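Okay, structure first, notes after.
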There are 2 protein chains.
Amino acid sequence: MEKLEFKVFFYALGDYSRFMILSSLAKRDMSVGEIVSATSIEQSNVSHHMHCLLNCGFVNVRKNGNKRIYKINGKVKNTVEKITEHIDAYRKDIISCGIANRRYISKVI
Amino acid sequence: MEKLEFKVFFYALGDYSRFMILSSLAKRDMSVGEIVSATSIEQSNVSHHMHCLLNCGFVNVRKNGNKRIYKINGKVKNTVEKITEHIDAYRKDIISCGIANRRYISKVI
DNA sequence: ATACTATATGAATGGACAATCATATTTATA
DNA sequence: TATAAATATGATTGTCCATTCATATAGTAT
């Protein structure tokens with residue numbers, strides 16, 4: 001594995017807002033407005049993230065009236081689900097680790 | 001899954017240097033000097049990363065003379081191997097994505 | 001055409017953190 | 001005990017990027 005793949009993978013998936021957006025889209029296709037409602041992330045911020053996710057090929061988009069409906073890529077859906085399962089399975093270990101007590105991480109809860 | 005677990009998981013694993021250190025330790029236990037040789041990461045930087053990884057419970061340490069031998073945690077080893085497999089499997093998709101062309105990612109290759 | 005809704009874009013700001021450098025600590029050996 | 005080897009620690013710096021705010025664009029309906 002080379003640095004480029006690694007960086008891209010962790011950059012794109014490693015942001016909580018983007019991961020939440022992808023988790024929402026794993027359930028069903030959604031417009032931007034629906035994503036905003038589902039995630040409580042502010043609209044322009046969602047748009048910025050969608051730009052990133054489109055750029056990655058992690059999502060596709062189609063028009064419906066003046067709405068844009070986003071759809072998650074099948075492989076990405078699989079990855080998101082696996083990571084979610086993994087984190088849930090190791091939840092206790094992860095939470096008990098010292099990193100969880102660092103200021104910058106604790107304060108964002 | 002909550003934000004805290006997510007943040008910890010991606011913070012600890014999502015750094016390329018730390019991931020390379022963990023990949024090395026997945027093969028065998030190593031002293032700091034051996035990690036430095038294996039990864040070409042500068043010594044004090046390795047020590048900082050080991051501090052983080054110890055803090056996480058991702059590695060354990062034992063003394064041998066004036067050396068410190070680090071050992072990877074079994075669960076983390078499993079995670080590192082799975083992520084490596086995953087990235088290798090989706091390598092082409094990841095590389096072809098627009099993110100890979102961003103300045104800050106391209107220039108680090 | 002106008003007003004309204006939905007979404008996108010651009011610029012600015014602040015915070016997180018990896019890497020580096022210098023130095024301290026620990027252990028071994030002469 | 002003095003010196004050398006191995007590792008850790010502290011402080012600093014630069015960069016990346018998520019968020020926010022303000023505004024632009026596009027589509028719809030009246």
Side-chain angles (χ1 to χ4, degrees), chain A residues 3-4 6-8 10-22 29-56 59-70 98-109, chain B residues 3-4 6-8 10-22 29-56 59-70 98-109:
Chain A
K3 190 165 184 176
L4 177 60
F6 180 90
K7 281 269 184 185
V8 173
F10 275 93
Y11 167 75
L13 288 179
D15 177 74
Y16 190 68
S17 295
R18 277 196 287 276
F19 201 87
M20 288 301 99
I21 290 170
L22 291 172
D29 298 359
M30 287 187 183
S31 68
V32 172
E34 289 173 317
I35 295 170
V36 168
S37 301
T39 61
S40 302
I41 301 167
E42 184 262 342
Q43 180 270 316
S44 78
N45 196 7
V46 169
S47 280
H48 283 299
H49 286 307
M50 299 325 289
H51 181 82
C52 166
L53 294 172
L54 265 178
N55 208 23
C56 288
V59 300
N60 292 309
V61 66
R62 64 177 186 273
K63 289 190 181 180
N64 181 9
N66 58 352
K67 297 184 180 175
R68 300 215 178 179
I69 312 297
Y70 286 92
I99 291 292
N101 296 318
R102 292 171 69 141
R103 270 160 304 131
Y104 73 94
I105 284 186
S106 300
K107 77 180 179 192
V108 302
I109 305 175
Chain B
K3 189 166 185 175
L4 177 60
F6 180 90
K7 282 269 183 182
V8 172
F10 275 93
Y11 167 75
L13 288 179
D15 176 76
Y16 190 68
S17 295
R18 276 196 287 276
F19 202 87
M20 287 303 98
I21 290 171
L22 291 172
D29 299 357
M30 287 186 183
S31 68
V32 172
E34 289 173 318
I35 295 170
V36 168
S37 300
T39 61
S40 303
I41 301 168
E42 182 264 342
Q43 179 271 316
S44 78
N45 197 9
V46 168
S47 280
H48 283 300
H49 285 308
M50 299 325 289
H51 182 82
C52 168
L53 294 172
L54 264 180
N55 208 23
C56 286
V59 299
N60 291 309
V61 68
R62 65 176 185 274
K63 291 189 178 178
N64 182 9
N66 59 352
K67 298 184 181 176
R68 298 216 179 179
I69 311 296
Y70 286 91
I99 292 292
N101 296 318
R102 294 171 67 142
R103 266 164 305 132
Y104 74 94
I105 284 186
S106 299
K107 77 179 177 189
V108 301
I109 306 174

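A note on names: the letters A, B, ... follow the listed sequences, proteins ahead of strands, and every chain is numbered from 1. Just so it is clear, the model here is predicted, and its values are computed rather than measured.
A straight line from CD1 of B:Ile35 to C1' of D:dT7 spans 11 Å, rounded to a whole angstrom. Between the NZ atom of B:Lys63 and the C1' atom of D:dA8 there is a distance of 11 Å, given to the nearest Å. Atom pair B:Phe10:CZ and C:dA16:P shows a separation of 19 Å (rounding to whole Å applied). Rounded to an integer number of Å, the gap from B:Met20 CE to C:dA19 C1' is 17 Å. Separating the CG atom of A:Asn55 from the C1' atom of D:dC17 is a distance of 15 Å, rounded to the nearest angstrom. Taking atom CZ of B:Arg62 as the reference point, atom C1' of D:dA6 lies 16 Å away to the nearest angstrom. Atom CD1 of A:Ile41 and atom P of D:dT20 are 10 Å apart (whole Å). If you measure from atom NE2 of A:His51 to atom C1' of D:dC17, you get 14 Å, rounded to the nearest angstrom.
Taking side-chain N and O atoms only, B:Lys67 has no distance below 4.0 Å to OP1 or OP2 of C:dT27. One finds a side-chain N or O of B:Ser17 lying less than 4.0 angstrom from the OP1 or OP2 phosphate oxygen of C:dA19. The phosphate of C:dT27 (OP1 or OP2) has no side-chain N or O of B:Arg68 nearer than 4.0 angstrom. OP1 or OP2 of C:dA18 has not a single side-chain nitrogen or oxygen of B:Asn45 nearer than 4.0 Å. Taking 4.0 angstrom as the limit, A:His49 places none of its side-chain polar atoms (N or O) nearer than this to OP1 or OP2 of D:dA18. For D:dA6, the OP1/OP2 oxygens have no side-chain nitrogen or oxygen of B:Tyr70 closer than 4.0 Å. Within the structure, a side-chain polar atom (N or O) of B:Tyr11 is placed less than 4.0 Å from OP1 or OP2 of C:dA18.
Contact of A:Gln43 with C:dA6 (side chain to base): no donor-acceptor pair of N or O atoms is detected under 3.5 Å. A donor-acceptor contact under 3.5 Å is formed by the side chain of A:Asn66 with the base of C:dT5.
Panel note: side chain B:Arg18, backbone B:His49; no donor-acceptor pair is recorded below 3.5 Å.
Across all their heavy atoms, B:Gln43 and B:Val36 have their closest contact at CA-CG2, 3.7 Å. Summarising the geometry of A:Val59 relative to A:Leu54, their closest heavy-atom pair is O-CD2, 3.4 Å, with the distance given to 0.1 Å. Closest approach of A:Cys52 to A:Tyr11, counting heavy atoms only: SG-CE2, 3.9 Å.
Between A:Phe19 and B:Phe6, the ring-plane angle classifies as tilted under the 30° and 60° cut-offs.
Ring-to-base geometry places B:His48 in a stacked arrangement with D:dT9 (centre distance under 5.5 Å, plane angle under 30°).
Take the nearest nucleotide of DNA chain D for A:Cys52 and for B:Val46: the residue whose nucleotide is more 5' is B:Val46.
Taking only side-chain atoms of A:Val32, from C-beta outward, the nucleotide of D:dT7, C:dA8, C:dT26 with the closest atom is C:dA8.
Considering A:Leu13, A:Asn60, A:Leu22 in turn, A:Leu22 is the only one that fulfils the side-chain contact (heavy atoms from CB on, under 4.5 Å) rule with A:Leu53.
Nucleic acid contact for A:Ser44: base, since at least one base atom lies under 4.0 Å from a heavy atom of the residue.
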